[in-house]
Amino acid sequence: MENCDKNGKNEFLYPRSRYHGQVKPENLVFNANLQEFAQKIEYITALQTNGKLKPEDAYQKMKSLWKQLKSSKKQLGIGNKPSA
């Protein structure tokens with residue numbers, strides 16, 4: 001019973017959407033990274049909105065997360081045109 005409660009809590013706190021794009025390992029990894037990015041942005045926004053985080057700190061955290069996501073995209077080769 002305790003395990004069911006933990007699973008429900010995790011699903012609530014860390015929801016995952018189904019992936020509907022082209023199924024390739026790099027796309028699946030990037031999708032997971034993108035969902036994690038969105039989740040963290042939501043938390044930062046909530047903290048800043050409720051006065052728990054200064055606007056400049058929120059901005060810096062979001063900027064850092066964006067750089068990580070861009071780096072992940074580049075490392076995975078997402079969006080690169082195939083060479084002829």
Side-chain angles (χ1 to χ4, degrees):
M1 184 73 173
E2 188 176 312
N3 197 25
C4 288
D5 291 342
K6 285 184 180 180
N7 286 341
K9 184 178 177 181
N10 282 338
E11 287 177 24
F12 177 76
L13 292 174
Y14 310 110
R16 293 286 180 192
S17 299
R18 277 186 111 158
Y19 180 70
H20 296 282
Q22 185 180 12
V23 179
K24 295 184 342 187
E26 59 271 20
N27 290 351
L28 295 173
V29 170
F30 183 72
N31 181 263
N33 292 344
L34 183 60
Q35 288 190 48
E36 184 178 345
F37 168 81
Q39 207 169 60
K40 288 180 179 180
I41 293 296
E42 286 183 47
Y43 291 147
I44 292 168
T45 302
L47 288 169
Q48 196 280 316
T49 299
N50 288 300
K52 305 292 183 188
L53 194 59
K54 294 179 184 177
E56 183 60 30
D57 293 339
Y59 173 80
Q60 291 302 324
K61 288 180 185 304
M62 289 181 190
K63 186 176 176 181
S64 174
L65 289 171
W66 178 250
K67 286 181 180 181
Q68 290 174 20
L69 185 65
K70 280 178 66 174
S71 175
S72 144
K73 179 183 176 281
K74 186 176 180 179
Q75 289 174 352
L76 292 167
I78 304 293
N80 292 346
K81 294 182 181 179
S83 55

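Computed from a prediction, not measured in an experiment: that's the story for all the values here.
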Donor-acceptor contact present, side-chain Thr45 to main-chain Ile41, <3.5 Å: yes
Backbone of Leu69 reached by a side-chain donor or acceptor of Asn33 within 3.5 Å: no
Under-4.0 Å salt bridge between Lys54 and Glu56: no
Nearest-0.5 Å distance that lies between atom CG in Leu28 and atom CG in Leu76: 10.5 Å
Inter-residue atom distance Lys70.NZ - Leu65.CG, 0.5 Å rounding: 13.5 Å
Hydrophobic cluster membership, Tyr59 vs Trp66, 4.5 Å side-chain cutoff: no
Path from Leu34 to Val29 over hydrophobic side-chain contacts below 4.5 Å: yes
Spacing of Asn80 atom CG and Lys73 atom NZ [to the nearest 0.5 Å]: 6.5 Å
Rounded distance (nearest 0.5 Å) linking atom CD of Glu36 with atom OG of Ser72: 9.5 Å
Full working for side-chain contact (heavy atoms from CB on, under 4.5 Å) between Asp57 and Leu47: CA-CA 10 Å; Asp57 293 339; Leu47 288 169; over 6 Å; no
Intermediate values then yes/no, side-chain contact (heavy atoms from CB on, under 4.5 Å), Lys67 and Lys63: CA-CA 6 Å; Lys67 286 181 180 181; Lys63 186 176 176 181; 4.0 Å; yes
Interatomic distance, Lys40 atom NZ to Lys61 atom NZ [nearest 0.5 angstrom]: 11.0 Å
Rounded distance [0.5 Å steps], CD1 in Ile78 versus CG in Asn27: 4.5 Å
Flag, side chain of Asn50 to backbone of Ala46, donor-acceptor distance under 3.5 Å: yes
